[in-house]
Amino acid sequence: MIRITTLVLLMMLAGCAGMGVEPWERDLLAKDSMQLTPDYFENFYDEHIYFSKEASSGGQGVGGGGCGCN
Amino acid sequence: MQLKKIKGRMAVATCALLQATSPMASAAGSEWDVDTSFLYYGEADGRVQAFEPAIHAGRALGDDDRIELRLVADALTGATPNGAYAIDGVAQTFTTPSGNSSYTIAPGEQPLDDTFHDTRIALGADYTQSLDRMSRIIWGANLSTEYDYLALGVSANYARDFNNRNTTLNIGLGFNNDSVDPEGGVPTEFAPMKVADTGKNVSGDSETKTITDLMIGVTQVVNRKTIVQLNLTLGSVSGYQNDPYKIVTVTADPATGLPVNGTDPSFFDSGVTGNLPYVYEKRPDSRQKNILFFKAMHHLEEDVVDFSYRYYSDDWGINSHTLGLKYRYQLADSYLQPQVRYYSQSAADFYRHNLVLGSDIDVSGNVLVDYASHDYRLAESETITLGLKYGMPMANDSEFSVRAGLITQSVNDGAVPAGQETPDLDAMMLQVNYSFVW
Amino acid sequence: MKKLQSSRLQLKHEAGYWQGHFFAMASPCEVLMEVDDKKQAARILEAVSAEALRIEKKFSRYRDDNIVFKINHAEGAAVSVDDETARLIDFADQLTRMSEGLFDITSGVLRKVWKFDGSDRVPKASAVNVVLQHIGWSKVQWHDQVLRMPAGMEIDLGGIGKEYAVDRCVQIARGLTTASVLVNFGGDLATTGERRNGASWSVGRLVTGKDNAVALFKLYRGAIATSGDAHRFLMKEGVRYSHVLNPQTGWSVPGAPHTVSVAAPTCVEAGMMSTMAMLQGVQAEEFLKLQEVDYWLD
């Protein structure tokens with residue numbers, strides 16, 4: 001899985017050279033509603049809740065810390 | 001004329017003309033972006049309840065740098081499963097983590113330990129250091145402390161933009177060190193739980209583990225209305241990973257699942273040896289995980305769709321899929337956002353219902369398997385969350401929002417005696433958030 | 001507070017902002033203000049129009065009562081100038097160096113032989129050469145806020161004036177409100193800062209060759225300036241002579257794009273970049289790419 005993902009990531013970096021928009025077309029992307037993390041604590045709380053109930057955690061970023069939730 | 005780059009000279013000359021003290025930047029100010037939030041989380045049946053206020057403040061500094069600070073407090077009450085299972089017609093007695101007292105669970109009831117009243121404080125800081133117009137590093141540090149747990153971590157995330165800022169590469173590295181100082185001491189792995197006040201099998205006062213994560217991700221603008229993100233995370237946990245408060249039931253007969261009772265074998269005769277028919281769990285001290293995360297956001301006429309998928313896999317045998325979907329209905333100024341989350345995981349290799357005398361554990365109490373745990377969080381399960389968020393942007397870049405969710409988790413125990421299945425867990429969450437600029 | 005001069009200033013309310021209009025520097029000028037209070041909008045409009053008219057009066061070459069007239073009719077004598085004029089001339093001097101002579105505020109006299117009316121009356125080389133004798137920043141003595149140039153030469157600040165006015169008005173508007181204000185003087189525009197809730201200002205620019213078709217784009221911060229004019233050119237024997245003239249040859253720059261628009265933090269930078277690009281002729285796009293600015297041309 002690691003190999004395939006790395007390949008896809010590299011392809012995205014290389015192949016995406018043509019994809020995208022001009023600076024003046026970033027109107028919608030600049031909106032709050034289109035930010036990858038809109039609400040500072042929404043993801044934070046969700047991660048905390050699910051970390052203490054499930055066996056998987058992470059994926060969106062590193063850091064953030066853990067807890068002894070049990 | 002030979003083409004030369006004159007942008008810098010032009011900027012300097014313009015400054016002199018307009019008598020600006022610094023090049024006219026966008027109107028970011030010396031202002032703090034503040035988010036204040038409160039979470040209530042409550043499970044049914046007297047289980048965990050959490051009250052969690054939080055505050056975050058972020059501010060742009062000179063040269064495109066930025067500082068973010070957060071403080072979170074967490075008050076937990078309620079009962080959590082101790083790893084044993086409900087048994088029809090049989091009451092069970094357990095010893096509290098301190099080793100000093102005991103509690104009895106009625107027949108047919110899931111064994112829960114309600115001696116937890118935990119308060120946690122967590123602090124975090126992130127500093128964005130702008131390297132040049134197209135790249136930056138975010139340095140992070142965090143600390144989390146509760147009476148029996150201390151987590152310290154640092155991280156660095158390098159981000160670089162390409163293709164007119166349409167593509168962003170993220171490389172993140174995180175190190176965390178967690179130390180646990182369990183109430184009553186660190187229980188000896190696979191040692192039996194002892195009757196109250198007969199001593200507790202302890203191997204030490206505290207244990208630690210270290211967590212290392214590496215993430216590589218790409219964010220890509222697809223078109224004016226769409227942005228996607230793909231992350232690959234590799235994580236490694238090394239050290240003490242047992243839950244010091246969880247036990248595994250020892251049974252003589254897998255068909256009944258009843259805890260070993262009576263004088264045979266004498267090792268588990270609690271009147272003689274003080275050993276209860278439960279042993280402390282044991283997990284491997286190493287865990288390697290791979291996570292693939294994908295997210296796409298798409299702007300429709302007015303509304304926004306947010307889709308995410310995460311695949312997780314580790315060497316404990318756990319594989320999981322997480323699917324998330326949020327749809328933001330834009331109203332006049334405010335918005336309504338229904339949210340759905342579906343999660344399913346496979347069980348850890350060493351997740352088991354109990355330890356069977358003879359095959360898994362011998363009559364002298366030596367455990368014959370490498371690892372064992374009956375922590376429901378390592379079981380095969382599905383969690384479904386339905387949520388609804390209402391947000392109201394207000395004047396001066398402020399926003400108020402409230403989000404409510406219903407969570408239900410069901411565990412698939414496989415073939416276990418009737419009445420001993422892990423019950424479904426129902427919970428609700430309520431988050432209230434107010435963001436403003438100060 | 002001065003009463004709004006309704007004959008020259010117009011103010012009306014749009015969805016979410018106030019829009020003011022007036023005429024200055026031979027252009028329709030508009031001021032868009034994301035304020036709620038009409039009185040405040042009127043104050044801002046008044047201040048902006050006052051500044052625009054002040055700059056027009058001070059630097060227009062069509063007037064006979066300002067510093068430019070004094071300089072252009074000094075007949076070789078030294079002229080002492082004020083701080084603001086000095087800064088503009090310093091800036092022009094910098095631009096001449098940066099462009100290695102392609103940008104030159106003494107080149108205005110070429111208008112005597114080049115009349116861009118869409119006709120085929122391209123000037124004769126001899127006529128151009130006569131005028132060329134009175135062009136060249138190197139012939140001007142400029143130091144310590146004192147300017148001295150040979151008789152028959154003129155300076156023309158028209159190429160910088162409008163963009164300078166836009167940036168000055170942005171500074172003034174910033175002093176009057178923290179709300180976002182867009183100042184647009186005939187297509188050269190800038191905003192004081194970002195709008196509420198991540199909104200943008202919608203601006204349009206004329207697209208050449210498409211019969212007044214307007215390309216709409218969104219401005220969040222900074223400025224945009226446009227050089228070129230689709231209608232000012234000469235056409236003879238199938239060759240299009242753009243109004244961009246090389247001050248060293250006196251001739252039309254071949255292969256210049258019809259229009260060049262550049263986005264930059266200030267209108268002056270945007271305007272000068274677009275002007276510089278036009279002066280590069282066929283190399284306009286290459287020049288713009290090298291500058292790493294946001295641009296578009298046609």
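Order of the sequence lines sets the chain letters (A, B, ...), proteins ahead of strands, with each chain counted from 1. The figures here come from the full heavy-atom set of this structure, side chains too, leaving out hydrogens, waters and symmetry mates.
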### Task
Side chain from CB out, backbone as N, CA, C, O: work out which of these in B/Leu425 comes under 4.5 Å of a heavy atom of chain A, or both, or neither.
side chain

#### Entry: B/Phe38 portion near chain A, given a 4.5 angstrom heavy-atom threshold
backbone

### Task
Mark yes when over 12 heavy atoms from residues, nucleotides or ligands other than B/Gln288 sit less than 6.0 Å from its CD; otherwise mark no.
yes

### Query
Is any side-chain heavy atom of A/His48 closer than 4.5 Å to a side-chain heavy atom of B/Asp74?
yes

## Note on the structure
All heavy atoms of A/Lys53 vs all of B/Arg377, minimum pair found to be O-CG, 3.4 Å

### Message
Quick check for you: among B/Met297, B/His56, B/Glu43, which has the greatest number of heavy-atom pairs under 4.5 Å with chain A?
### Response
B/His56

### Nearest-0.5 Å distance that lies between atom CG in A/Asp46 and atom CD in B/Gln339
7.0 Å

### Task
Could you tell me which portion of B/Val180 (side chain, backbone, both or neither) has an atom closer than 4.5 angstrom to a non-hydrogen atom of chain A?
neither

#### Entry: Atom pair CG/CZ of A/Asp32 and B/Arg328 - distance to nearest 0.5 Å
7.0 Å

### Task
Check each atom of B/Ile138 against the heavy atoms of chain A and say whether the ones under 4.5 Å are side chain, backbone, both or neither.
neither

### Message
Run the side-chain contact (heavy atoms from CB on, under 4.5 Å) test on A/Leu29 and B/Thr226 for me, step by step, so that the C-alpha distance in whole Å, both residues' side-chain angles and the decisive distance to 0.1 Å come before the verdict.
### Response
CA-CA 8 Å; A/Leu29 298 167; B/Thr226 315; over 6 Å; no

### Query
A/Gly59, A/Ser56, A/Ser57: which one forms the most heavy-atom pairs within less than 4.5 Å of chain B?
A/Ser56

### Query
Counting N and O atoms only, with roles assigned by atom type, does the side chain of B/Lys295 sit under 3.5 Å from a partner on the main chain of A/Leu36, one being a donor and the other an acceptor?
yes

### Task
Keeping the roles fixed (side chain from B/Asn166, backbone from A/Val21), state whether a donor-acceptor pair exists under 3.5 Å.
yes

### Choice from B/Asp303, B/Asp375, B/Ile55, B/Asn319 maximising heavy atom contacts with chain A below 4.5 Å
B/Ile55

### Message
Looking at chain A, which one of B/Lys389, B/Lys289, B/Glu399, B/Met429 has the largest number of heavy-atom pairs inside 4.5 Å, strictly under?
### Response
B/Lys389

### Message
When you measure from the side chain of B/Arg310 to the backbone of A/Gly58, do you find a donor-acceptor pair of N or O atoms at a distance under 3.5 Å?
### Response
yes

### Message
side-chain hydrogen bond (donor to acceptor under 3.5 Å, both in side chains) for A/Tyr50 and B/Thr322? Distances and angles first, verdict last.
### Response
CA-CA 11 Å; A/Tyr50 298 121; B/Thr322 313; over 6 Å; no

### Query
So, are A/Glu42 and B/Arg341 salt-bridged, with charged N and O less than 4.0 Å apart?
no

### Summary
Of the listed B/Tyr41, B/Phe293, B/Tyr343, the one with the largest count of heavy-atom pairs under 4.5 Å with chain A is B/Tyr343

### Query
Nearest 0.5 Å, what's the CD-CD1 distance between B/Glu52 and A/Ile49?
8.0 Å

### Task
Spell out, as yes or no, whether a donor-acceptor pair under 3.5 Å connects the side chain of A/Tyr40 to the backbone of B/Thr36.
no

### Query
By a 4.5 Å heavy-atom criterion (distance strictly below it), what part of B/Gln337 contacts chain A: side chain, backbone, both, or neither?
side chain

### Query
For A/Ala55 and B/Gln345, which heavy atoms make the closest approach, and how far apart are they?
N-OE1, 3.0 Å

### Task
State whether the number of non-hydrogen atoms from other residues, nucleotides or ligands found under 6.0 Å of B/Tyr329 atom OH is greater than 12.
no

### Task
Apply side-chain contact (heavy atoms from CB on, under 4.5 Å) to B/Thr167 and A/Met19, showing your working.
CA-CA 9 Å; B/Thr167 312; A/Met19 216 191 288; over 6 Å; no

## Note on the structure
Cut-off 4.5 Å, heavy atoms of chain A, and the answer for B/Ile318 is side chain

#### Entry: Cation-pi, A/Phe41 ring and B/Arg403 (6.0 angstrom, 45 degrees)
no

### Query
Where does B/Ser37 contact chain A at under 4.5 Å (heavy atoms): side chain, backbone, both or neither?
both

### Query
With a 4.5 Å heavy-atom cut-off, do B/Leu214 and A/Val62 have their side chains touching?
no

### Task
Name the region of B/Val154, side chain, backbone, both or neither, that has any atom closer than 4.5 Å to a heavy atom of chain A.
neither

### Task
Could you tell me which portion of B/Phe175 (side chain, backbone, both or neither) has an atom closer than 4.5 angstrom to a non-hydrogen atom of chain A?
neither

### Query
Quick one: does B/Gln431's side chain have a donor or acceptor within less than 3.5 Å of a partner on A/Tyr45's backbone?
no

### Summary
Okay, B/Leu173 and chain A: the region with an atom under 4.5 Å from a heavy atom over there is backbone

#### Entry: Exercise: do B/Thr383 and A/Glu54 side chains pair donor with acceptor under 3.5 Å
yes

### Message
Less than 4.5 Å to any heavy atom of chain A: does that hold for the side chain of B/Arg287, its backbone, both, or neither?
### Response
side chain

### Query
B/Asp35 versus chain A, heavy atoms under 4.5 Å apart: side chain, backbone, both or neither?
both

